[in-house]
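Remarks on the structure that follows.
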Amino acid sequence: MSGPAAGTARADATTDVVCLGESMVTFLPSQPGRLADVPSFGRGIGGAESNVACALAAAGHRAAWVGRVGADGFGDHLVETIGGYGVDTSAVRRDPVRPTGIYFRTATDRGAGAHEVAYYRAGSAASAMSPANVPYEEVFAGSVLHLSGITAALSADCLELLRHLTAPRPGRPLVSFDVNHRPHLWRGGDATVLLELARRCDLVFVGEDEAEEAWGIVGAEAIRAALPEPGVVVVKRGSAGATVFSGLRPGPRSSNAGGAENTPASRSREGGEAEVVTQVPALRVDVVAAVGAGDAFAAGFLSATLRGLPVRDRVRHGHLMAAAVLTVPGDLTEPPARDHADRLVALDDEAWGRLRLGPGWTAADRAPEEVRTP
């Protein structure tokens with residue numbers, strides 16, 4: 001791998017994180033129920049990569065989103081709204097022929113049987129992204145390039161683009177990849193290509209459930225065995241928390257030994273390199289809407305990575321950013337102030353385990369003991 005050492009962001013970049021992918025206008029229901037019964041919808045935005053960019057910008061980082069939208073009102077809305085979060089949208093391209101994608105969803109949890117999503121993205125402007133029309137100077141301008149498996153499913157050109165962006169090359173930024181397996185996008189396709197792409201990246205986020213569904217791989221250890229190349233693999237395990245596999249290298253990056261709740265387990269990887277396995281429990285959260293949490297977790301982890309924090313703290317910041325989104329109705333929200341989040345991250349294991357976060361917990365004047373409930 002010719003990219004940077006895992007967990008090390010490039011210091012000479014003008015942008016912290018560049019996120020590339022499709023963003024769509026989303027229509028949120030005015031009340032619970034079947035799509036057939038919902039009388040009206042409110043307009044919002046949705047897109048895994050732009051969600052990450054917005055969360056990072058709100059957290060004080062220099063974030064850019066690269067995408068392709070139609071030369072239409074929905075495209076205007078996306079660019080203006082994402083830019084309103086402080087995200088650099090100057091590299092977004094407008095397609096004069098293809099429309100901006102949109103979708104409608106019900107109010108229920110994405111994992112619930114009654115959840116419905118109606119996508120109108122076939123032939124969208126974003127599906128026309130390819131190695132021939134992406135602005136590479138802007139794409140590689142950041143310390144980190146964040147991608148997701150959703151883009152790979154949009155079209156053959158989009159898949160070829162991800163193969164191109166994840167290819168080893170001198171001076172490549174740290175490439176972060178969220179597997180983001182969406183079964184409905186892979187009907188008739190082969191989702192094992194996501195494993196191929198993940199193996200070419202430096203930092204990988206993958207859920208235990210999606211690894212089993214997409215690849216037939218069960219358990220964190222087996223996932224790591226299938227992804228030996230990335231320097232950092234973050235396995236999300238739902239209510240069980242997260243397991244992070246990371247190489248322990250000399251020098252400044254030794255902070256990666258941040259602990260499986262202060263007791264990291266080490267083992268020898270191929271070539272004799274020591275590996276640290278970090279286990280971090282999830283938080284108890286009073287969920288308002290179970291959407292956007294995965295993108296927020298990735299943003300929190302990346303934010304802490306850019307700050308050079310230990311692995312344990314990176315995961316805790318991911319959990320906190322996810323909790324901020326889970327306790328509001330939409331996909332995006334203001335994250336907790338940095339000093340507030342840092343106070344919570346610094347709690348000892350027992351106090352962290354007692355935390356329970358509900359709506360309003362991100363208020364800057366809330367002390368850790370006020371957030372905790374019995």
Side-chain angles (χ1 to χ4, degrees), residues 15-19 21 23-28 42-65 77-89 105 107 110 142 144 146 176 178 205 282-307 309 313-347 352 355-373:
T15 302
D16 292 327
V17 181
V18 175
C19 303
S23 190
M24 295 180 290
V25 172
T26 176
F27 290 91
L28 310 173
R43 186 179 63 176
I45 64 171
E49 301 83 4
S50 58
N51 284 349
V52 172
C54 289
L56 284 166
H61 296 283
R62 299 167 300 173
W65 171 58
H77 176 65
L78 284 174
V79 173
E80 291 167 7
T81 304
I82 294 169
Y85 280 87
V87 176
D88 181 355
T89 60
R105 68 171 174 83
R110 181 179 284 148
V144 178
H146 181 71
S176 166
D178 193 334
F205 300 95
L283 289 164
R284 291 181 296 164
V285 179
D286 296 329
V287 176
V288 172
V291 292
D295 303 330
F297 178 91
F301 192 97
L302 287 170
S303 173
T305 298
L306 288 163
R307 296 172 61 196
L309 300 184
D313 293 1
R314 300 180 195 189
V315 179
R316 284 188 171 190
H317 274 285
H319 285 323
L320 289 171
M321 195 83 86
V325 169
L326 288 170
T327 50
V328 298
D331 291 27
L332 292 167
T333 188
E334 279 289 320
R338 182 172 290 184
D339 59 347
H340 184 195
D342 284 344
R343 290 199 306 271
L344 296 180
V345 166
L347 293 173
W352 176 264
L355 281 178
R356 180 166 182 168
L357 306 180
W361 76 267
T362 59
D365 58 350
R366 299 289 291 276
E369 59 270 17
E370 294 173 318
V371 177
R372 178 170 54 83
T373 60

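All values reported here derive from a predicted model rather than from experimental measurement.
In plain terms, the two heavy atoms of Pro336 and Ala341 that are nearest each other are CG-CB, 4.0 Å. Across Val285 and Thr327, no two heavy atoms sit closer than the pair CG1-CG2, 3.6 Å. Among all heavy-atom pairs drawn from Asp178 and Gly294, the shortest one is OD2-O, 4.1 Å. Nearest heavy-atom pair, Leu320 versus Trp361, reported as atom, atom and distance to 0.1 Å: O-CZ2, 3.2 Å. Nearest heavy-atom pair across Val325 and Ala296 is CG2-CB, 3.6 Å. Residue His146 comes nearest to Ala298 through the heavy atom pair CE1-CB, 4.3 Å, listed as atom of the first residue, atom of the second, then distance.
Between the side chain of Arg356 and the main chain of Asp286, no donor-acceptor pair closer than 3.5 Å is present. Side-chain N or O atoms of Trp65 include one that pairs as donor or acceptor with a backbone N or O of Gly21 at under 3.5 Å. Thr81 places no side-chain N or O within 3.5 Å of a backbone atom of Leu78 that could act as its donor or acceptor partner. Looking at Thr15, its side chain never comes within 3.5 Å of a backbone N or O of Ala63 through a donor-acceptor pair.
Shown here are the side-chain hydrogen bond (donor to acceptor under 3.5 Å, both in side chains) partners of Asp342, two or more places apart in sequence or in another chain: Arg307, His317. Judged as a side-chain hydrogen bond (donor to acceptor under 3.5 Å, both in side chains), and not counting sequence neighbours, the contacts of Asn51 are Asp295.
Side-chain atoms of His319 and Phe297, non-hydrogen and from C-beta on, do get closer than 4.5 Å to each other. Between Leu306 and Val17, the closest side-chain pair of non-hydrogen atoms falls below 4.5 Å. In this structure, Thr362 and Pro335 have side chains that are not in contact, with every pair of non-hydrogen atoms separated by 4.5 Å or more. Between Leu302 and His61 there is no side-chain heavy-atom pair separated by less than 4.5 Å.
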Practice problem: Report the C-alpha separation of Arg105 and Leu28 in whole Å, then their side-chain angles, then the decisive distance to 0.1 Å, and conclude whether the side-chain contact (heavy atoms from CB on, under 4.5 Å) test is met. | Solution: CA-CA 6 Å; Arg105 68 171 174 83; Leu28 310 173; 3.3 Å; yes
Practice problem: Would you sort out whether Val25 and Arg43 count as a side-chain contact (heavy atoms from CB on, under 4.5 Å), showing the intermediate values? | Solution: CA-CA 7 Å; Val25 172; Arg43 186 179 63 176; 3.5 Å; yes
Self-check item: Verdict with reasoning, Leu309 to Arg316, per side-chain contact (heavy atoms from CB on, under 4.5 Å)
Solution: CA-CA 11 Å; Leu309 300 184; Arg316 284 188 171 190; over 6 Å; no
Quiz item: Can Ile45 and Leu332 be said to form a side-chain contact (heavy atoms from CB on, under 4.5 Å), step by step?
Solution: CA-CA 9 Å; Ile45 64 171; Leu332 292 167; 3.8 Å; yes
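Note: Thr305 OG1 to Arg314 CZ = 4.0 Å, rounded to the nearest 0.5 Å. We find the CG-CH2 distance between Leu344 and Trp352 to be 7.0 Å, quoted to the nearest 0.5 Å.
Between Phe301 and Phe205, the angle of the ring planes goes over 60°, which puts this pair in the perpendicular group of the 30/60° scheme.
With respect to Asp88 and Arg62, no salt bridge is recorded, no charged nitrogen being found less than 4.0 Å from a carboxylate O.
When each of Val87, Val52, Ile82 is paired with Cys19, the side chain to side chain contact (heavy atoms under 4.5 Å, CB included) condition holds for Val52 and for no other.
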